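What follows is one structure encoded as structure tokens, with my remarks underneath.
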Amino acid sequence: MTSTSRRRGRSSANPRQRLLHGWDWADARIELDELRPGSRVLAAAGAGEVVAELAAAGHRVSAIASNRTQLDYARRRVAGGAFEPGAAERLFDIGRGMVRAASPAWSRRRVRQFLQEQDALRAAEHWRSRLDNRTLASILKTMLGPAGALSALVLRDFSTPLPPHFDEAIRGRIGRALRKHAPSGNPFAWRLLLGEELPGHALPRVDADAIEWVDEPLLDHLERAEPGAYDAITISNVVDGADERWVRDLRKAAVRALVPGGPLIARSFATTMDDDAAKRARRDRAMLWGSIVVQRSGS
């Protein structure tokens, strides 16, 4: 395989050297439920939040990114640096702004009041009857469809084509998440629906130097790693839209780098027929994922 074809993974393999996301859009509780105490974990550096949660729980974390801008930002965040919006947050801002301009139910005041709801069932009913309205459905269908402006921006910035009918899927995922997780304590609900941080929410205090920061493409790193180098590997949105051969090589290298029985945790936007993967996605408070697959080495 040529060096070019080997890297047809998407932004994880040939990233745009810019800040892609300033918040992590993954709930570290999923990883924490799967890991044994004191695990050696290879995790996407992301915005530093998931790796900070894992390190705070006593795991030995290696944070990887081949986007140096993103990697440096993640390290700054873990060290106590301020939030900076990335491409993902700007995309969400565009979408929210369009909905807010067309629907009074989505005013900042009303959404902020909604997010203070402590009862999950009441929150889900409010979403169904007021926020998940025709205006939202129409704008999302237009903007997230194959020819939509937001779809084009996602493809440009993240090299990721959105799955078919993603507009309908995301509305359903938000509704299901609200039935399980009251918005008053869900930082992802505040970020997604309002574009603000949950009041009082902060990263756990960990020493950034206690985390290994790896500036390297994921596949290259895994192929160089010693067999059994990691007890667990966690990645998000890496295989969405990726070349099938690259995905096979990635999984093969990941299994080799894991100890027997170690989990490879992979989030995807795509809907799945795997019931366990779908249930994990519903448990993730970020509300965006269609599946979270856990494949254990040797199984």
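Since this is a predicted model, take the numbers as computed values, not measurements.
Listed for the Arg110 side chain is a donor-acceptor partner under 3.5 Å among the backbone atoms of Pro104. A donor-acceptor pair under 3.5 Å is formed between the side chain of Thr272 and the backbone N or O of Asp274. Of the possible polar contacts, none joining the Asp24 side chain to the Gly46 backbone as a donor-acceptor pair under 3.5 Å is found. No donor-acceptor pair closer than 3.5 Å links the side chain of Trp23 to the backbone N or O of His21. With hydrogens and angles ignored, the 3.5 Å screen pairs no side-chain donor or acceptor of Thr271 with any backbone N or O of Gly290. With hydrogens and angles ignored, the 3.5 Å screen pairs a side-chain donor or acceptor of Ser268 with a backbone N or O of Ala270. With hydrogens and angles ignored, the 3.5 Å screen pairs no side-chain donor or acceptor of Ser39 with any backbone N or O of Leu35. Arg40 places a side-chain N or O within 3.5 Å of a backbone atom of Ala229 that can act as its donor or acceptor partner.
For Trp25, the side-chain hydrogen bond (donor to acceptor under 3.5 Å, both in side chains) test picks out Glu89, with sequence neighbours left out. For Asn133, the side-chain hydrogen bond (donor to acceptor under 3.5 Å, both in side chains) test picks out Ser103, with sequence neighbours left out. By the salt bridge (Lys or Arg N to Asp or Glu O under 4.0 Å) test, Asp27 is found to be paired with Arg285, residues two or more places apart in sequence or in another chain being considered.
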Table please: side-chain donor-acceptor pairs of residues 252-259 below 3.5 Å, with sequence neighbours left out.
| unit_1 | atom_1 | unit_2 | atom_2 | d |
| --- | --- | --- | --- | --- |
| Arg256 | NH1 | Ala225 | O | 2.7 |
| Arg256 | NH2 | Ala225 | O | 3.4 |

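Each of Val41, Leu250, Ile265, Leu222 was checked for a side chain to side chain contact (heavy atoms under 4.5 Å, CB included) with Ile233, and the lone residue meeting it is Leu222.
Sorted pairs that involve residues 181-207 and meet ring-ring contact (aromatic ring centres under 6.0 Å, His included), not counting sequence neighbours, are lacking altogether. A salt bridge (Lys or Arg N to Asp or Glu O under 4.0 Å) check over residues 184-195, counting only residues at least two apart or in different chains, returns the pairs Glu49-Arg191, Arg191-Glu197.
A salt bridge does not link Lys141 to Glu168: none of the charged side-chain nitrogens sits closer than 4.0 Å to a carboxylate oxygen.
A distance of 10.0 Å separates CD of Glu223 from CG of Leu218, quoted to the nearest 0.5 Å. Going from atom CG of Asp284 over to atom CH2 of Trp289 covers 8.0 Å, rounded to the nearest 0.5 Å.
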